[in-house]
2 protein chains.
Amino acid sequence: MAVKIKDVAKKAGVSVTTVSRVLNDGKYVSDELKEKVKKAIEELNYSPSFIARSLVLKKTNLLAVIVPNITASVNSIILSKIEETASKNNYNIIVCNMAENLDKQYKYLNIFKEMRVDGIIITNEKIDDKTRDFLESINIPIVFASAKPSNQKHIAIVVNNYQAAYDAAEYLTSLGHKRIAFIGGDRRDITSGQERYNGYRNALKNNKIPLVEEYVEFGNYSLQDGYSIMNKILKCKKLPTAVFAASDDMAVGAINCIKDNGLKVPDDISVIGFDGTAVVDIVRPRLTSMEQPIKEMGTMAVEMLIQKINKQQTLVNEVIVNHELVVRDSCKKV
Amino acid sequence: MAVKIKDVAKKAGVSVTTVSRVLNDGKYVSDELKEKVKKAIEELNYSPSFIARSLVLKKTNLLAVIVPNITASVNSIILSKIEETASKNNYNIIVCNMAENLDKQYKYLNIFKEMRVDGIIITNEKIDDKTRDFLESINIPIVFASAKPSNQKHIAIVVNNYQAAYDAAEYLTSLGHKRIAFIGGDRRDITSGQERYNGYRNALKNNKIPLVEEYVEFGNYSLQDGYSIMNKILKCKKLPTAVFAASDDMAVGAINCIKDNGLKVPDDISVIGFDGTAVVDIVRPRLTSMEQPIKEMGTMAVEMLIQKINKQQTLVNEVIVNHELVVRDSCKKV
DNA sequence: CTGAAAGCGCTTACAG
DNA sequence: CTGAAAGCGCTTACAG
């Protein structure tokens with residue numbers, strides 16, 4: 001790592017300026033010098049320092065990403081698309097797996113600021129007050145993907161979670177279900193927690209189906225929570241005929257629990273999930289799910305972030321992408 | 001982002017040197033000045049530039065990670081542990097999802113070098129010649145986790161893949177199976193491709209079971225490949241009574257395929273997987289698997305990398321961690 | 001087309 | 001305990 005631009009300048013018999021020029025645009029350099037410089041670079045195995053460059057240019061080409069939990073399928077999918085799109089656009093990504101830890105998220109945001117990252121993507125929507133203040137004051141471009149905390153000014157790319165949940169619940173009622181349980185997400189999450197619940201509740205209401213308190217429980221989107229919540233619901237004296245889970249993982253947990261209790265899906269209980277992750281085709285029966293365009297959201301998040309970095313088109317504040325009911329084998333008429 | 005150390009020095013009425021001191025160790029500064037500086041920092045909402053600091057210190061506190069495919073469970077688990085351990089040790093991570101693309105991996109390695117990352121962790125073992133040369137010449141500490149390419153000098157943390165596969169196959173023979181199919185990984189992968197196959201083959205040989213060519217096929221560790229390969233195997237005139245898949249994902253794909261063809265696991269065909277990822281408890285029947293200590297490998301990789309960065313203990317060249325057969329419900333006696 | 005010099009925002013001997 | 005100055009490795013007006 002010892003070789004620097006000065007060394008190649010010396011070796012090539014030119015100035016540092018000239019080396020810098022061939023390293024970058026290559027303009028205003030004669031072919032002769034260009035050759036000499038290239039040869040010197042080659043021989044010295046020279047690799048320019050990104051960080052010295054960043055210091056001068058005030059641009060790091062770094063995008064930071066905060067995900068609530070990398071090991072959850074929906075996050076790893078969105079992350080892989082973020083990385084892919086960033087890479088195509090010559091950006092590198094730094095990852096924070098906040099692991100549901102709000103302090104860690106706050107700490108990372110401060111680090112991102114110190115690192116002078118060019119932009120930040122957040123797929124988590126749980127934020128505490130100090131984080132909210134921080135997000136308010138920071139002047140690094142930020143976009144939320146598949147998340148939208150309340151009271152903040154940054155761009156968010158989301159499905160209409162209320163409507164999507166409404167449509168999912170309505171689908172169950174259209175199959176004749178009257179006893180519909182709900183396995184919800186984290187109530188601290190505005191869109192994936194609260195709005196999905198509200199959609200469920202209003203669909204029931206508009207279909208004149210009473211809300212049964214025992215049928216509603218909230219979890220952290222994980223398979224494990226889906227399982228244990230389903231287990232609790234199966235203890236009700238009168239079993240539901242359908243379950244709407246606010247994530248595919250929880251839906252699969254519910255299915256497994258139902259099976260393990262000797263009941264059948266969808267014969268005894270229908271199950272519908274939310275997200276559209278890979279598990280939908282993994283479980284048997286295949287999971288009917290209210291799907292978000294996860295990959296597209298990842299791609300869009302990066303593209304919009306880069307636009308914002310480049311100061312184009314800052315008018316957009318929220319993008320609503322389409323949700324889609326994909327019917328598979330886990331729901332049937334009652 | 002406009003405020004810099006000079007601004008807080010001016011505001012506090014001290015020298016830049018003093019500000020730098022309170023920012024770092026805080027030694028050799030009177031309490032009085034310390035207070036003034038802290039106040040100025042607070043009022044200016046000053047955040048020191050990591051990159052200017054890195055330039056001086058020749059240390060970026062950045063660790064780069066290359067994974068073959070983030071969305072594969074085994075990789076997201078190891079990545080989450082890498083992130084967790086790095087974060088605890090005050091390092092940040094940059095991620096490259098190589099997506100099975102060797103050129104992308106090479107390109108990223110060059111970027112990592114330009115970024116002067118302090119260390120690199122690679123969980124992929126497919127490397128081409130130019131990458132091998134690059135890895136040979138680079139003087140950034142590198143450790144391979146759950147991967148070990150041939151002919152390279154860097155630390156690798158792996159299970160004994162040969163022995164683990166041998167033990168898995170032997171387990172099937174101990175249950176009385178004579179017709180054992182093998183769904184292998186990528187043959188370009190030394191340990192997870194070739195060694196697992198060799199373990200399978202030799203276990204059969206030592207148990208006097210003939211190798212049936214139709215029973216052996218290789219894939220990319222994904223559920224989809226497991227499914228399609230199993231589908232091919234089910235076309236054999238004489239069906240196997242057991243299948244050993246070189247990843248849990250492929251095993252689950254195989255199970256689904258078997259089910260979709262009207263057969264039962266383990267009654268008709270036993271299935272054993274490899275890795276020990278979350279899916280083992282998700283599928284029904286639960287998957288018996290030859291497990292690697294995935295999380296521990298992620299943690300160790302970071303710890304050993306940091307040791308190497310700090311120049312301690314460079315003697316270790318390879319660490320073999322224990323594999324473990326975890327019996328669940330997907331295999332039975334024949 | 002070419003290069004000397006200033007500057008990016010820090011840290012750290014060195015001198016006091 | 002305190003600060004002036006050099007230096008980290010680049011880029012870019014500016015002058016020629």
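Chain letters run A, B, ... following the sequence lines, proteins first and then strands; every chain starts at 1. Only heavy atoms go into these numbers, but all of them, side chains included; no hydrogens, no water, no symmetry mates. Just so you know, these numbers come straight off a predicted model, no measurement behind them.
With sequence neighbours left out, Asn97(B) forms a side-chain hydrogen bond (donor to acceptor under 3.5 Å, both in side chains) with no residue at all. Tyr108(A) meets the ring-ring contact (aromatic ring centres under 6.0 Å, His included) test with Phe112(A); sequence neighbours excluded. Annotation: side-chain contact (heavy atoms from CB on, under 4.5 Å) contacts of Lys39(A) (sequence neighbours excluded): Glu43(A). Val56(A) meets the side-chain contact (heavy atoms from CB on, under 4.5 Å) test with no other residue; sequence neighbours excluded.
Classified by interplanar angle (parallel below 30°, tilted 30° to 60°, perpendicular above 60°), the ring pair Tyr106(B)/Phe134(B) is perpendicular.
With Asp118(A) as the partner, the salt bridge (Lys or Arg N to Asp or Glu O under 4.0 Å) test is satisfied by one option alone out of Lys59(A), Lys113(A), Lys308(A), Lys311(A): Lys59(A).
Between Thr18(B) and Lys58(B), the residue anchored closer to the 5' end of DNA chain D is Thr18(B), taking for each the nucleotide with the nearest heavy atom.
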What is the per-nucleotide protein-contact pattern of nucleotides 10-16 of chain D, from the 5' end, where B denotes a base atom under 4.0 Å from a protein heavy atom, S denotes such proximity for sugar-phosphate atoms only, and - denotes neither?
-> BBBB---
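The residue Ile51(A) sits apart from the nucleic acid: no heavy atom pair falls under 4.0 Å.
Distance noted for atom C1' between dG16(D) and dT12(D): 16 Å (whole Å).
Between the NZ atom of Lys10(A) and the P atom of dG9(D) there is a distance of 13 Å, rounded to whole Å. In this structure, Asp7(A) places its CG atom 11 Å from C1' of dG9(D), rounding to the nearest Å. The distance between atom NZ of Lys113(B) and atom P of dG9(D), rounded to the nearest whole Å, is 15 Å. As a whole-Å value, the separation of Glu35(A) CD from dT2(C) P is 13 Å.
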Starting at the 5' end of DNA chain C, what dot-bracket string do you get if Watson-Crick and G-U pairs under 3.5 Å are bracketed, crossing pairs use [ ], other-strand pairs use | and unpaired bases use dots?
-> |||.||||||||.|||
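Taking the side chain as every heavy atom from C-beta outward, Asp186(A) and Asn220(A) never approach each other to under 4.5 Å.
Judged by distance alone, the side chains of Glu125(A) and Ser192(A) do bring a donor and an acceptor atom under 3.5 Å apart.
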